[in-house]
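These notes concern the structure reproduced below.
Quick note: residue numbers are just sequence positions, from 1. Please read all numbers here as calculations on a predicted model, not as lab measurements. Values below: all heavy atoms of this structure, side chains included; hydrogens, waters and symmetry mates excluded.
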Amino acid sequence: MFDDVALQGTTLQIELLSDVEVETRRENSSSLGGGAVAGLVPVGRARAAKGAGGRGTGGYASAPKHPRHGWAVWHGGAYSDDWRDDHDDELRMADATVATLGVAYLGTDNEYENDAPGPGPGSVSWDETWDDPQDGADLTANVASLSPGDAVREGWYRVGTELVSEDGSTNFGWQSVDMEVDRSLGDPQMDKAWYVKPRV
């Protein structure tokens, strides 16, 4: 869902993809015979999905990396290869759109490491949100205004997106990027970054 997420000074730059897709295990509506169940499946084209990261265990250094951005995949692990071999015929990519985009300060490094939030909004209180941003939109947020106090605070920040089918009938959940902001070299810099998503 992100073309890029970058920190330039105190400005968080968020570039959304113009063609958003999600991985799903839901069946194509043509094979469900219509009715109430068909209303729950994603609308749009679907194609086989290969090689996406899983959600196992492991620390940042050993976590598999997002193929496009190099972000560590939250709870990624080797178990996903076997699981995907067994379920490859069930996986599809479906068109989606961003219903809500939120940005939040999550806390200090200790707070994040001890109680990192899952992919949904859960205990995350968004500091700034956008409803129905356009596909391909370039958005910015002032990180200093998200931090407690008057300046950019070190710690963890989240950019989260709630993804839905193009007609709004199916909610695919939240996918996020959690990033650590470090000021040890003076200006705020993005350090570690996690890609956080729900299980397929």
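- Nearest heavy atoms, W156 versus D178: CZ3-O, 3.7 Å.
- When all heavy atoms of S176 and G160 are compared, the closest pair comes out as OG-CA, 3.5 Å.
- A distance of 4.5 Å separates CE of M179 from CE of M190, quoted to the nearest 0.5 Å.
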Check step by step if side-chain contact (heavy atoms from CB on, under 4.5 Å) holds for Q189 and V181. CA-CA 5 Å; Q189 301 286 330; V181 172; over 6 Å; no

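- The two residues L101 and F2 have their closest heavy-atom pair at CD1-CE2, 4.4 Å.
- We find the CD-CG distance between Q134 and L16 to be 10.0 Å, quoted to the nearest 0.5 Å.
- Contacts of E162 classified as side-chain hydrogen bond (donor to acceptor under 3.5 Å, both in side chains), with partners at least two apart in sequence or in another chain: T100, N171.
- Here E113 contributes atom CD and N110 contributes atom CG; the two are 8.0 Å apart, rounded to the nearest 0.5 Å.
- The heavy-atom pair separating E154 from R183 by the smallest distance is OE2-N, 2.5 Å.
- With sequence neighbours excluded, no residue satisfies side-chain hydrogen bond (donor to acceptor under 3.5 Å, both in side chains) with D187.
- Of all heavy-atom pairs spanning L106 and R158, the tightest one is CD1-CB, 3.8 Å.
- Atom CG of D3 sits about 11.5 Å away from atom CG of D19, to the nearest 0.5 Å.
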Going through the checks in order, is the side-chain contact (heavy atoms from CB on, under 4.5 Å) test met by L7 and V143? CA-CA 9 Å; L7 184 62; V143 178; 3.5 Å; yes

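- Rounding to the nearest 0.5 Å gives a distance of 5.0 Å between CE of M93 and CD of E21.
- When only modelled atom types and interatomic distance are considered, Y195 and Q175 share a side-chain donor-acceptor pair under 3.5 Å.
- Distance OG1/T24 to CZ/F172: 5.5 Å, rounded to 0.5 Å.
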Apply side-chain contact (heavy atoms from CB on, under 4.5 Å) to residues V196 and V177 and explain how you reach the verdict. CA-CA 6 Å; V196 186; V177 175; over 6 Å; no

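- Cluster annotation: W130 and V159 are assigned to the same hydrophobic cluster (Ile/Leu/Val/Met/Phe/Trp/Tyr, side-chain heavy-atom contacts under 4.5 Å, transitive).
- No side-chain heavy atom of V20 sits under 4.5 Å from any side-chain heavy atom of D95.
- The two atoms that bring A104 and D127 nearest to each other are CA-OD2, 3.2 Å, heavy atoms only.
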Can you give me every donor-acceptor pair (side chain of residues 135-142, partner residue at least two apart or in another chain, under 3.5 Å) with its distance?
from : atom 1 : to   : atom 2 : distance (Å)
D135 : OD1    : T97  : OG1    : 3.3
N142 : OD1    : A144 : N      : 3.0

Begin from the C-alpha positions of T108 and R153 and carry the test side-chain contact (heavy atoms from CB on, under 4.5 Å) through to its verdict. CA-CA 8 Å; T108 66; R153 186 172 176 186; 3.5 Å; yes

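- Between Y157 and Y105, the ring planes are perpendicular. Angles over 60° get that label, and only those under 30° would be called parallel.
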